[in-house]
Amino acid sequence: MIYTIENKFLKIAVDTSGAQLQSVYSKESKTEYIWQGDPAYWSGRAYNLFPFIGRMYKSVYTYNGQLYHSRPHGLARYNLFRLEDRSATKLTMLFTDDEETLEEYPFHFEFRVVFELIENALKVRYIATNLDDNTMICGFGGHPGINIPFGNGDFEDYYLEFSEKTNVQRQLLSDSDRFMADKAVPYPLEDGLKLPLRHNLFDHDAIILSNTSRVVNVKCDKESKYVTLRYEDYKYIGFWHPGKTDAPFVCLEPWSALPATDGIIDVLETKENMTHIPAKQSAEMSYILEIHE
């Protein structure tokens, strides 16, 4: 089921399937900013990643000495949420554990995705509550696809621009794709800020960066409109569209942790950068998508 909220600037739509964002529509310019899921390229639109990011090596991991199977990007994207609360400008979607989730992820939990419109911005909050008696271990991530072009110009007229110069690092992928190589290298940007978009950037899967300013803009010098992603809570940012295609979108993916390293089956208790939530407590991360017109 699709639910909508709106203010004088924006109207958004969210599906109960995966609590996936379906639309971010500008009422002023009549522009749709979210990729609309054409299966010729990618049928998704804006996955919510919980409790894992990306793929586990051999699709498995261990916890407390037991082997568990895991699908790409965890559980949330495959499950139905229910509407917990709704106002004119705010939606709260809830997903809880059940017998099936316990086979993949051995914790009792509540996972909320809160969508809130604040003037020209959409804030997306992830709130995980540990209902278990043991510490719960999880990761959080977003995956919104942004239509490009969203105005004038062609795809390769657009670029990603960080808000300030930092010593950006690229987290390398293995030759087999979709697994980490456990190695980071400096990633040069034009003028220390810009990453020009071209389709073949993604032929070896996502560009995953760390040590960024945690604010990135999607811009085009032929277009005054631009999109800003603020991801202060997240250590990593990924950029992706399907490899070896001319897909007319780019996903902006704030991640709290990384997929598995190639050749290594993760032990959940020691996997790096995971969020550890004590019994009966909650953890929260958020990102903000701003539309500038």
Side-chain angles (χ1 to χ4, degrees), residues 18-20 47-82 84-85 92-115 123-143 171 178-180 182 184 208 210-211 214 231-238 253-288:
Q20 187 170 193
Y47 296 153
N48 299 300
L49 314 184
F50 170 85
F52 304 127
I53 311 300
R55 287 166 166 77
M56 294 292 193
Y57 184 66
K58 294 189 176 181
S59 299
V60 296
Y61 68 97
T62 68
Y63 171 71
N64 200 24
Q66 184 172 339
L67 191 71
Y68 292 88
H69 289 266
S70 176
R71 288 171 286 178
H73 290 318
L75 293 170
R77 60 170 282 198
Y78 305 102
N79 283 273
L80 282 174
F81 285 64
R82 69 172 177 86
E84 184 180 47
D85 192 35
T92 301
M93 310 296 287
L94 174 63
F95 165 48
T96 58
D97 68 275
D98 58 26
E99 290 184 3
E100 290 186 5
T101 68
L102 288 168
E103 292 180 0
E104 289 188 51
Y105 183 61
F107 300 98
H108 296 287
F109 64 85
E110 293 176 338
F111 179 60
R112 289 173 173 84
V113 185
V114 183
F115 301 89
K123 184 174 185 177
V124 180
R125 297 165 58 206
Y126 297 132
I127 307 169
T129 300
N130 179 8
L131 304 180
D132 233 297
D133 294 326
N134 301 311
T135 297
M136 187 171 87
I137 305 168
C138 64
F140 302 89
H143 203 299
Q171 305 293 316
R178 298 181 176 180
F179 295 110
M180 307 310 300
D182 198 25
I208 304 167
S210 59
N211 200 40
R214 304 193 187 191
Y231 56 103
E232 284 89 346
D233 292 343
Y234 295 86
K235 184 173 182 178
Y236 304 100
I237 182 72
E253 304 185 36
W255 292 355
S256 66
L258 292 173
T261 298
D262 198 11
I264 296 176
I265 293 176
D266 276 311
V267 177
L268 192 58
E269 293 94 322
T270 59
K271 183 172 174 61
E272 291 187 355
N273 298 308
M274 299 297 280
T275 301
H276 291 241
I277 308 175
K280 315 305 180 186
Q281 295 189 32
S282 299
E284 177 177 336
M285 289 189 177
S286 64
Y287 68 85
I288 298 173

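The model shown is predicted, which means the values in this text are computed figures rather than measured ones.
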- Message: Listing request: all salt bridge (Lys or Arg N to Asp or Glu O under 4.0 Å) pairs with a residue in residues 56-71, at least two apart in sequence or in separate chains.
- Response: Arg71-Glu104
- Atom pair SG/CZ of Cys138 and Phe52 - distance to nearest 0.5 Å: 8.5 Å
- Query: Can you name the closest pair of heavy atoms from Gly139 and Met274 and give their distance?
  - Reply: N-CE, 3.6 Å
- Message: Does atom NE2 (His276) have a neighbourhood of more than 12 heavy atoms from anything else shown, all under 6.0 Å?
- Response: yes
- Message: If I compare all heavy atoms of Ala19 with all of Phe115, which pair ends up nearest, and what's the gap?
- Response: O-CZ, 3.3 Å
- Task: Show the numbers, then the answer: is there a side chain to side chain contact (heavy atoms under 4.5 Å, CB included) between Arg112 and Thr129?
- Result: CA-CA 8 Å; Arg112 289 173 173 84; Thr129 300; 4.1 Å; yes
- Query: Taking the six-membered ring for Trp, are Tyr61 and Tyr68 parallel (under 30°), tilted (30 to 60°) or perpendicular (over 60°)?
  - Reply: parallel
- Query: What's the spacing between Thr275 OG1 and Glu284 CD if we round to 0.5 Å?
  - Reply: 12.0 Å
- Task: Step by step, work out the side chain to side chain contact (heavy atoms under 4.5 Å, CB included) result for Leu102 and His108.
- Result: CA-CA 8 Å; Leu102 288 168; His108 296 287; 3.7 Å; yes
- Closest approach of Thr135 to Tyr63 (non-hydrogen atoms, all atoms of both residues): O-OH, 4.2 Å
- Message: Would the distance check show the side chain of Tyr78 and the main-chain N or O of Pro72 forming a donor-acceptor pair, the cut-off being under 3.5 Å?
- Response: yes
- Query: Do other residues, nucleotides or ligands put more than 12 heavy atoms under 6.0 Å from Asp262 CG?
  - Reply: yes
- Task: Answer yes or no: is there a side-chain heavy-atom contact under 4.5 Å between Tyr236 and Asn273?
- Result: yes
- Task: Could you give me the CA-CA distance, side-chain angles and deciding distance for Tyr287 and Phe140, then say whether side chain to side chain contact (heavy atoms under 4.5 Å, CB included) is met?
- Result: CA-CA 11 Å; Tyr287 68 85; Phe140 302 89; over 6 Å; no
- Identify the heavy atoms of Pro51 and Leu75 that sit nearest to each other, and give their distance. CD-N, 3.5 Å
- Message: If we ignore hydrogens and angles and just use 3.5 Å, is the side chain of Lys235 paired with the main-chain N or O of Leu258 as donor and acceptor?
- Response: no
- Query: How many angstroms lie between CD1 in Ile288 and NZ in Lys123, if you round to the nearest 0.5 Å?
  - Reply: 5.5 Å
- Would you check if the side chain of Asn64 reaches a backbone N or O of Gln66 as a donor-acceptor pair within less than 3.5 Å? no
- Message: Could you go through Phe111 and Asn79, starting from their C-alpha distance and side-chain angles, then the distance that decides it, and tell me whether this counts as side chain to side chain contact (heavy atoms under 4.5 Å, CB included)?
- Response: CA-CA 11 Å; Phe111 179 60; Asn79 283 273; over 6 Å; no
- How many angstroms lie between CG in Asp97 and CG in Leu131, if you round to the nearest 0.5 Å? 6.5 Å
- More than 12 heavy atoms of other groups within 6.0 Å of Glu232 CD: yes
- Message: If you apply the rule salt bridge (charged side-chain N to carboxylate O under 4.0 Å, His left out), what do you find for Lys280 with Asp133, and how did you get there?
- Response: CA-CA 7 Å; Lys280 315 305 180 186; Asp133 294 326; 3.4 Å; yes
- Task: Any chance you could measure Asp98, atom CG, to Glu103, atom CD, to the nearest 0.5 Å?
- Result: 9.0 Å
- Message: For a quick test of reading the model, state the closest non-hydrogen atom pair linking Tyr105 to Met136 and the distance between them.
- Response: OH-CG, 3.1 Å
- Does Asn130 reach the main-chain N or O of Asp132 with its side chain, forming a donor-acceptor pair under 3.5 Å? yes
- Item | Backbone N/O of Pro259 and side chain of Arg55: donor-acceptor pair under 3.5 Å | no
- Query: Regarding Asn48 and Tyr126, is there a side-chain donor-to-acceptor distance under 3.5 Å anywhere?
  - Reply: yes
- Taking the side chain as every heavy atom from C-beta outward, state whether Asp233 and Ser256 have any atom pair closer than 4.5 Å. no
- Ignoring hydrogens and angles, state whether a donor on the side chain of Glu84 or Thr92 is under 3.5 Å from an acceptor on the partner side chain. no
- Under the salt bridge (Lys or Arg N to Asp or Glu O under 4.0 Å) rule, what pairs show up with a residue in residues 60-69, not counting sequence neighbours? none
- Message: Can you confirm if the aromatic rings of Phe109 and Phe50 lie within a centre distance of less than 6.0 Å?
- Response: yes
- Item | Nearest-0.5 Å distance that lies between atom OG1 in Thr62 and atom CG in Leu268 | 8.0 Å
- Item | Residue pair Trp255 / Ile208, side-chain heavy-atom distance below 4.5 Å | yes
